[in-house]
2 protein chains.
Amino acid sequence: MTTATSPRDLAHPARDQIRLETVLHALSDPMRLRVVRELAAADGEVACSYIELPVTKSTTTHHFRVLRESGVIRQAYRGTAKMNGLRRDDLDALFPGLLDTVLSAADAQAARQGTA
Amino acid sequence: MTTATSPRDLAHPARDQIRLETVLHALSDPMRLRVVRELAAADGEVACSYIELPVTKSTTTHHFRVLRESGVIRQAYRGTAKMNGLRRDDLDALFPGLLDTVLSAADAQAARQGTA
DNA sequence: GACGTACTACGATGGGTATCGTACGAGGCG
DNA sequence: CGCCTCGTACGATACCCATCGTAGTACGTC
């Protein structure tokens, strides 16, 4: 939309604007990597509140925004809830295998330590 | 000199100390990603001075240290030169496919823009 | 020993960022 | 409408980090 720019309009980068460095940076934070893993496990739309992190709500909002602005997740309001989902299609098209490899690596690391 | 902890002794993390988040963070910097790509292309030991970056020597040293301390590269002195090589064996063992996938993603992104 | 090269160490600086607390807006439900 | 929940915005804070310049150390060579 050209006009209103409601606070409910969420800015997402277009597919060709997604940068590898930015994606890697987004994934390099423990909290965000955890979010991505849970989104991958859920495999669908998940509300922010569904994912519990050991930080305050403010910080959680911040991490979700970083993930969205880096192009890793897609967000949309649905009533009061905000639904989140991985941008698998875009990421797979841009960087084939990257998401799955990172997820596998995270699983492997979690299995190695008890941090599953 | 057995013990002295000479400044020529370089600290590397053991394989099981390498953390995925740290590796991703190391790779999320454009300069460092560039270094890793060049090391992968060279496929062998390369001196620091062989890789030219648009930053000062100090900054280059900093990036090489981050890469070493994250477990991405191995460094060793060889005369006055400092040789660098990817820790392919360790990375592939810990996170199968990760390095190659990231390298492919970087190539793809470079090809898309003229930044090869 | 003297010199040049390769890289480092240290301090400074400016910008990013993870975290929090509090105050606020939007939507559903009684 | 009143209220609760979900999530945001904003300011503050403390920390991390990419960058630089300068001074210094280790090594090879003459």
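Below, chain A is the first sequence line, B the second, and so on; all start at residue 1.
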Could you give the side-chain donor-acceptor pairs of residues 89-104 of chain B under 3.5 Å, partners two or more places apart or in another chain?
residue: B:Asp89; atom: OD1; partner: B:Arg74; partner atom: NH2; Å: 3.0
residue: B:Asp89; atom: OD2; partner: B:Arg74; partner atom: NH2; Å: 3.4
residue: B:Asp90; atom: OD1; partner: B:Arg15; partner atom: NE; Å: 2.6
residue: B:Asp90; atom: OD1; partner: B:Arg15; partner atom: NH2; Å: 3.0
residue: B:Asp90; atom: OD2; partner: B:Arg87; partner atom: NE; Å: 3.0
residue: B:Asp90; atom: OD2; partner: B:Arg87; partner atom: NH2; Å: 3.0
residue: B:Asp100; atom: OD1; partner: B:Arg88; partner atom: NH1; Å: 3.3
residue: B:Asp100; atom: OD1; partner: B:Arg88; partner atom: NH2; Å: 3.0
residue: B:Thr101; atom: OG1; partner: A:Thr101; partner atom: OG1; Å: 3.3
residue: B:Thr101; atom: OG1; partner: B:Gly97; partner atom: O; Å: 2.5
residue: B:Ser104; atom: OG; partner: B:Asp100; partner atom: O; Å: 2.9

Show the atom names and distances, to 0.1 Å, of all donor-acceptor pairs under 3.5 Å that link a side chain in residues 40-54 of chain A to residues at least two apart or in another chain.
residue: A:Glu45; atom: OE1; partner: A:Arg78; partner atom: NH1; Å: 3.2

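Remark: A:Thr59 is in phosphate contact with C:dC20, judged by side-chain N or O atoms under 4.0 Å from OP1 or OP2. Close to D:dA9, at under 4.0 Å from its OP1 or OP2, lies a side-chain N or O of A:Arg65. For A:Arg32 and C:dA18, the shortest distance from a side-chain N or O to OP1 or OP2 is below 4.0 Å. Phosphate contact (OP1/OP2 of C:dC7, side-chain N/O of B:Thr80, threshold under 4.0 Å): absent. One finds no side-chain N or O of A:Thr61 lying less than 4.0 angstrom from the OP1 or OP2 phosphate oxygen of D:dG7. For A:His63 and C:dT19, the shortest distance from a side-chain N or O to OP1 or OP2 is below 4.0 Å. When the side-chain nitrogen and oxygen atoms of A:Ser49 are compared with OP1 and OP2 of D:dG7, one or more of them lie within a distance under 4.0 Å.
Ranking D:dG7, D:dT19, C:dT17 by closeness to the A:His62 side chain, first place goes to C:dT17. Comparing D:dG21, D:dG7, C:dA18 against the side chain of B:Thr56 picks out D:dG21 as the nearest. When distances are taken from the side chain of A:Met31 to each of C:dT17, C:dT19, C:dC7, the shortest belongs to C:dT19. Among C:dC7, C:dC20, D:dC20, the nucleotide with an atom closest to any side-chain atom of A:Ser58 is C:dC20.
Atom pair A:Arg78:CZ and C:dG28:C1' shows a separation of 15 Å (rounding to whole Å applied). Atom pair B:Glu45:CD and C:dA6:P shows a separation of 17 Å (rounding to whole Å applied).
Both A:Lys57 and A:His25 sit near DNA chain C, but only A:His25 has its closest nucleotide nearer the 5' end.
The pair B:Arg37-B:Asp107 meets the salt-bridge criterion, since a charged nitrogen lies less than 4.0 angstrom from a carboxylate oxygen.
Contact check for A:Gln109 versus B:Arg19: side-chain heavy atoms found under the 4.5 Å cut-off.
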